[in-house]
> 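Here it is: the structure, laid out below.
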Amino acid sequence: MAQALGWWGVPLGIIAGTFRGSVPFLFVSLGECLTEKSGKINLGLEGTLLTGAMSSYAISYLTGSPWLGVIGAGLAGMALGAIHGWLSQQPRVNDVAVGIAMIIFGSGVAFFLGKPFIKPSAPQLPTIDLGNWSNLTQVQAALKISPLFILGMAIAFLMQWFFKSTRWGLYVRAVGDNPDAARAMGISVFKVRMVSIIVGSFLAGIGGAALSLYYPGVWTERISSGQGLIAVALVIFARWNPIQCLYASLLFGGARSLGPALQSVGIDWGYYLFNAVPYVLTLAIMIITCSPKRRLTGAPGALGTDK
Amino acid sequence: MEAMTANNQTPTKVLPALEAVNMSKRFGSLVALDRVNLTIKPGTVHALLGENGAGKSTLVKCIMGFYQPTEGEVVIDGRSRQIDSPRDAHKYGVGMVYQHFTSVPAMTVAENLVLSRYDNTKLINWKRESEHLSEFMAASPFKVPLDVPVAQLAAGQKQKLEILKQIYLQSRILILDEPTSVLTPQEADEVLGLLREEVTAGNLSILLISHKFREVMAFCDEVTVLRKGKLAGTGLVKDLNISDLAEMMMGEQRELEQIEKTATSTDKTVLEIKNICANQDNGLPAVKGLNLKVNSGEIVGIAGISGNGQKELVEVLSGQRSATSGSILVNGETYRATREEMFRHQVFSLPEEPLHNACAPNMSVAENMALRTFDRPPQSQRGFLNLTAIRQAAKSLIQTFSVHTPSPETPIANLSGGNIQRAVLARELSSDKTQLLIAANPCFGLDFGAVDFIHRSIIEARNRGVAVLLVSEDLDELLKLGDRIFAISEGKLVYESTTAEADINTIGQRMAGH
């Protein structure tokens with residue numbers, strides 16, 4: 001049966017990979033979107049992603065409940081976020097430098113505590129099977145969608161609404177765009193950024209849970225392979241808009257699955273080349289969107305300044 | 001919300017009186033404010049006059065709760081009030097419009113107004129809000145479009161929005177900090193005139209911080225003058241004239257020595273700008289095909305409200321921004337603002353925000369003063385710096401231009417604004433071979449003494465035959481110094497005249513784009 005699908009396996013593989021591979025991008029980019037809207041950058045989400053992946057896997061293995069693992073991943077993310085939020089707002093401290101330190105710290109914590117959990121297999125998250133109408137096993141396998149994907153989509157729309165129609169959303173945007181104005185209105189810049197960074201890290205932690213409990217569904221030290229950093233770049237591509245973060249995540253998820261999809265129909269020669277597509281895409285986006293002569297439209301005004 | 005809109009149309013409450021009693025504020029050993037009294041009577045416009053550093057901002061910041069006064073109290077409606085934050089001040093109906101804009105550029109006018117409200121609505125019902133806001137806008141003295149992001153508003157509209165915000169917050173006493181500094185003369189008259197009507201109608205009381213005598217005389221009922229942190233005088237405007245006010249402000253009747261302009265030959269074109277176009281930071285065009293000639297021995301002024309392309313033009317001329325098309329000629333040769341060309345043609349500049357545009361803030365005064373010359377003998381020999389020569393040159397400049405600095409080794413960022421400007425001036429004007437000087441708002445935020453010194457220096461340069469391009473937002477400065485005057489609006493020159501024949505009303509209208 002598997003051969004019957006033939007070249008159709010490629011688009012099917014890409015669709016399947018898009019749903020699977022986009023989940024971590026989606027959560028991390030939404031977390032980063034919230035963080036950057038408040039005017040701070042958190043590069044440390046790469047470390048948060050790894051810590052989230054490790055803690056969810058470990059908790060799921062120890063308790064037998066993958067959902068507890070997801071919550072644990074979020075909480076672990078919040079702890080890292082609190083460190084970043086506090087450190088990066090100290091005088092004469094640069095958020096990019098703190099972020100790089102947090103990448104190293106987060107991955108270090110994950111590797112150190114995660115060593116015993118590399119071998120055992122932990123209960124995985126259930127999936128929603130949208131492919132049961134088909135009798136092709138490939139189609140069924142491709143349309144196993146994670147509830148986390150649905151949740152992420154909902155959060156994207158919710159965040160869009162939050163920025164537009166809630167007082168707290170306006171606070172975040174005001175603090176990110178003009179902190180002096182926010183202060184003059186009696187808004188605490190420190191608190192708003194602290195909360196934004198912590199909530200953003202919570203989301204990034206859940207992105208880690210999607211890695212270890214859904215796809216690829218194991219815990220190894222190389223599991224994130226830079227996806228946290230790519231997601232940070234993705235926010236720029238999405239112009240700090242949560243809905244566009246969703247589309248951009250789907251694009252990157254699809255790009256990631258190109259290599260495996262081609263391999264599934266027997267094209268082996270360019271496996272590593274195709275696997276590099278997301279990184280090439282990131283570079284290309286950076287080159288296209290960055291210009292020394294102008295600022296990006298939509299960029300929060302205080303981003304990358306010391307204000 | 002309902003109550004708010006209703007209140008704006010039919011004022012019912014009696015306006016409160018505001019008094020600052022015996023206010024003092026010390027920062028360490030510095031006495032910024034020394035036992036000052038101020039009373040704003042209900043339904044009046046009260047002017048607060050003083051030079052930069054006289055304590056005006058400190059006084060209002062104490063009233064607004066930004067600072068806690070060292071002694072003294074704020075009395076509102078006859079009762080002493082504890083004000084710890086602008087939020088407390090708002091509770092008593094006192095609101096302030098700041099000199100810098102406090103709106104969030106990326107948000108629309110409507111979002112900014114809703115954001116400024118001190119309440120705890122968690123969710124915003126935009127349908128209802130926009131109805132209320134439209135009603136509010138219809139009844140308010142100025143009109144600003146609600147759905148436009150603030151970043152796209154012109155400076156005048158932004159200033160109106162700042163005032164509207166306070167009216168929207170139902171402030172009954174408005175403190176306005178130099179509200180007309182970004183407006184054309186016509187806009188200033190419009191804004192102050194409309195506010196004056198609101199005051200006369202009994203809707204508001206106003207404390208107007210200003211240094212423009214004209215505004216004080218035309219729109220205010222009473223005036224309080226501060227000098228060096230102390231009360232220098234107070235009274236009814238109708239009993240005072242401009243020279244009384246100037247005397248209170250500056251201490252003694254000081255006749256400013258008029259700087260003589262000597263006849264110069266202006267037959268040589270030094271700077272020629274041909275069809276220059278340049279973009280602003282967001283990629284939109286800011287300078288749109290501008291042509292201009294500046295001859296030796298003349299000062300050519302460009303008037304304009306900030307944000308009309310003059311900043312970008314100056315940046316192109318000083319090599320900080322690349323032009324998208326067009327060319328610049330200096331002494332008939334193509335000029336790209338390279339270091340070598342600057343030296344060959346002896347081009348110098350006094351940019352705005354000198355600490356940002358003309359200094360390396362953490363380097364010493366001496367090093368900053370050598371930025372133009374350190375790579376040439378005698379300051380540099382065979383590729384090595386001669387530190388003694390650099391220090392000697394700096395010492396003599398510090399003396400000639402009376403720069404107040406603890407030592408030539410002090411980081412320049414530690415100096416006061418006026419002294420940083422003097423240090424830059426010393427570097428830029430010390431060459432006696434200068435051919436072209438480009439100055440942009442050189443006196444912004446400086447006190448009278450420093451302004452006078454800079455004006456004198458610029459005119460002396462002109463008298464020596466230097467071609468001067470002076471871009472300024474201060475029309476009075478341009479009329480005082482310029483030989484020819486242009487107005488810029490939306491990246492184009494829209495007015496040209498000799499200063500002698502310039503008509504201030506026409507300039508104002510052209511600046512506003514009419």
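Note that the structure is predicted; figures quoted are calculated from it, not measured. Quick note on labels: first sequence line is chain A, next is B, and so on, each numbered from 1.
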> When you compare the side chain of B/Ile124 with that of A/Leu170, does any pair of heavy atoms fall below 4.5 Å?
yes
> Is it true that atom NZ of B/Lys61 has more than 12 heavy atoms of other residues, nucleotides or ligands lying nearer than 6.0 Å?
no
> Within the supplied structure, the quantity of interest is the number of heavy atoms (other residues, nucleotides, ligands) at a distance under 6.0 Å from A/Phe105 CZ; does it exceed 12?
no
> Are more than 12 heavy atoms, taken from residues, nucleotides or ligands other than A/Gln160, located less than 6.0 Å from that residue's CD atom?
yes
> List the residues meeting ring-ring contact (aromatic ring centres under 6.0 Å, His included) with B/Trp126, not counting sequence neighbours, and say none if there are none.
none
> Take atom CG of B/Asp147 as the centre, draw a 6.0 Å sphere, and report whether it contains more than 12 heavy atoms from other residues, nucleotides or ligands.
no
> Applying a criterion of heavy atom separation less than 4.5 Å, what residues of residues 107-115 of chain B form contacts with chain A?
B/Met107, B/Glu111, B/Val114, B/Leu115
> State whether the number of non-hydrogen atoms from other residues, nucleotides or ligands found under 6.0 Å of B/Tyr92 atom OH is greater than 12.
yes
> Looking at A/Asp177 and B/Val104, would you say the former's side chain and the latter's main chain have a donor-acceptor pair under 3.5 Å?
no
> Could you tell me which portion of A/Phe162 (side chain, backbone, both or neither) has an atom closer than 4.5 angstrom to a non-hydrogen atom of chain B?
neither
> At a 4.5 Å cut-off on heavy atoms, which part of B/Ser103 comes close to chain A: side chain, backbone, both, or neither?
backbone
> Count the heavy atoms of every other residue, nucleotide or ligand shown that sit under 6.0 Å from CZ of A/Phe190, and state whether that count exceeds 12.
yes
> What's the separation between atom CH2 in A/Trp168 and atom CG in B/Leu123, rounded to the nearest 0.5 Å?
14.0 Å
